[in-house]
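Presented below is the structure to which this report refers.
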Amino acid sequence: MNTSKEHALELFPRDVDALIAEIGLPAFAGKQVIDWIYKKQVTSVDEMTNISKEKRLLLEERLFFRRSKCLKTQKASDGTIKKLLSWDTGEKQTEAVMIPAKGRYTACVSSQVGCPVKCTFCASGIGGLEGSLDVGQIVEQVMALGANDITNIVFMGMGEPLSNYTAVTRAIRILNAPWGLGIGARKITVSTVGLPVAIEKLANFDIPVTLALSLHAPNDELRKELIPWARFSPIEDILKACSNYFDATGREITLEYLLLGGVNDRTAQAKELVGLCKTLRCNVNLIRYNEVAELDYVRPKTEQVRRFQEVLVKAGVNTHIRASRGRDISAACGQLKREYNQITTE
Ligand code: SF4
């Protein structure tokens, strides 16, 4: 990659306007170039046929369109598509997933390479953090999944999105803008393990996205065992920040609760979770664990999942069991990357 060039997928209209003024194109060409980038999703300047050949050559010197290579694509029998993308030299790899469901096409994107949080149940966290993705790399994942079809975006791939706050929020602007991909704020979800200061900052961000908190345990003691970063912030502080997020945006918080067999799926733990749910406007998403070869956790039994849900529902908590998608491919986040690299280094 020529580093003197800019990634087209991180440009705002004002950046394009400045660029075309510099190379001597008329002001109206700014909108044309933005359309080529985000609406028509060209992958080269050469495709911008309403711009003269001479000016295209000048633009070519300043822009590039893609920096990822797709190393592997997996397609599950339920239509879920998972892509392993490598960046630049190939050492940095992330996963992006497209999940189709009832007329919705959800892109699950990564915000970092690896993850600094190192949750004990997660394949993405095993190697720790290898780097953060920039704005263009985040937007590019949506393009790789077929941007025109995508209706929803969730930041639930590799990484902790709020620890890459600036790039993630700038990418959200592009994904949300009418001149960009035009995806509504309600259809964009940022999922976090809970960084209170960053949640408060996001509450003041002018695009009120859906906030999902990866809670996974009903008390601090167990949470610290599962999520190492839980030692930085007690649940009480995180829920307070989430409450403030609701007050500022009017958006109900989604509490994500990954059910790990025999660890956090007991009825008593469901009752404890009810207590937390009563402190804020929220709904609960129960997720059944997908096994990861190197880790000892097991998928909870269907019966236990139902019992857990029943406790919440009886207490008046809006609770859903998230359908397991892509079970016949490497469904857990970070798993495809690990499998691919094990195979190619064997
Ligand atoms: S579950 Fe999320 S926050 Fe935890 S290690 Fe995996 S990617 Fe990071």
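One is the number of the first residue; the rest follow in order along the sequence. Whatever order the structure lists them in is the order used to number ligands and atoms, beginning at 1.
Under a 4.0 angstrom heavy-atom cut-off, K118 registers as being in contact with ligand 1.
Applying the side chain to side chain donor-acceptor pair (under 3.5 Å) criterion to R322, with sequence neighbours excluded, gives E256. For F155, there are no ring-ring contact (aromatic ring centres under 6.0 Å, His included) partners at least two apart in sequence or on another chain.
Residue C119 has at least one heavy-atom neighbour below 4.0 Å for each of these atoms of ligand 1: 1 (S), 3 (S), 4 (Fe), 5 (S). Short contacts between ligand 1 and V117, defined as distances under 4.0 Å to a heavy atom of the residue, involve ligand atoms 3 (S). Heavy-atom contacts of V193 reach the following atoms of ligand 1: 3 (S) (cutoff under 4.0 Å).
The heavy atom nearest to atom 1 (S) of ligand 1, considering only C122, P228, S124, is found in C122.
Atom 8 (Fe) of ligand 1 has an N, O or S atom of C115 closer than 2.8 Å.
Under the 3.5 Å distance criterion, the side-chain polar atoms of Q137 are left unmatched by any main-chain donor or acceptor of L133.
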Practice task
Begin with the C-alpha distance, continue with both residues' side-chain angles, and end with the deciding distance and a verdict on ring-ring contact (aromatic ring centres under 6.0 Å, His included) for F121 and H216.
Solution key: CA-CA 11 Å; F121 50 79; H216 307 331; 5.4 Å; yes
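A donor-acceptor contact closer than 3.5 angstrom links the side chains of T302 and R288.
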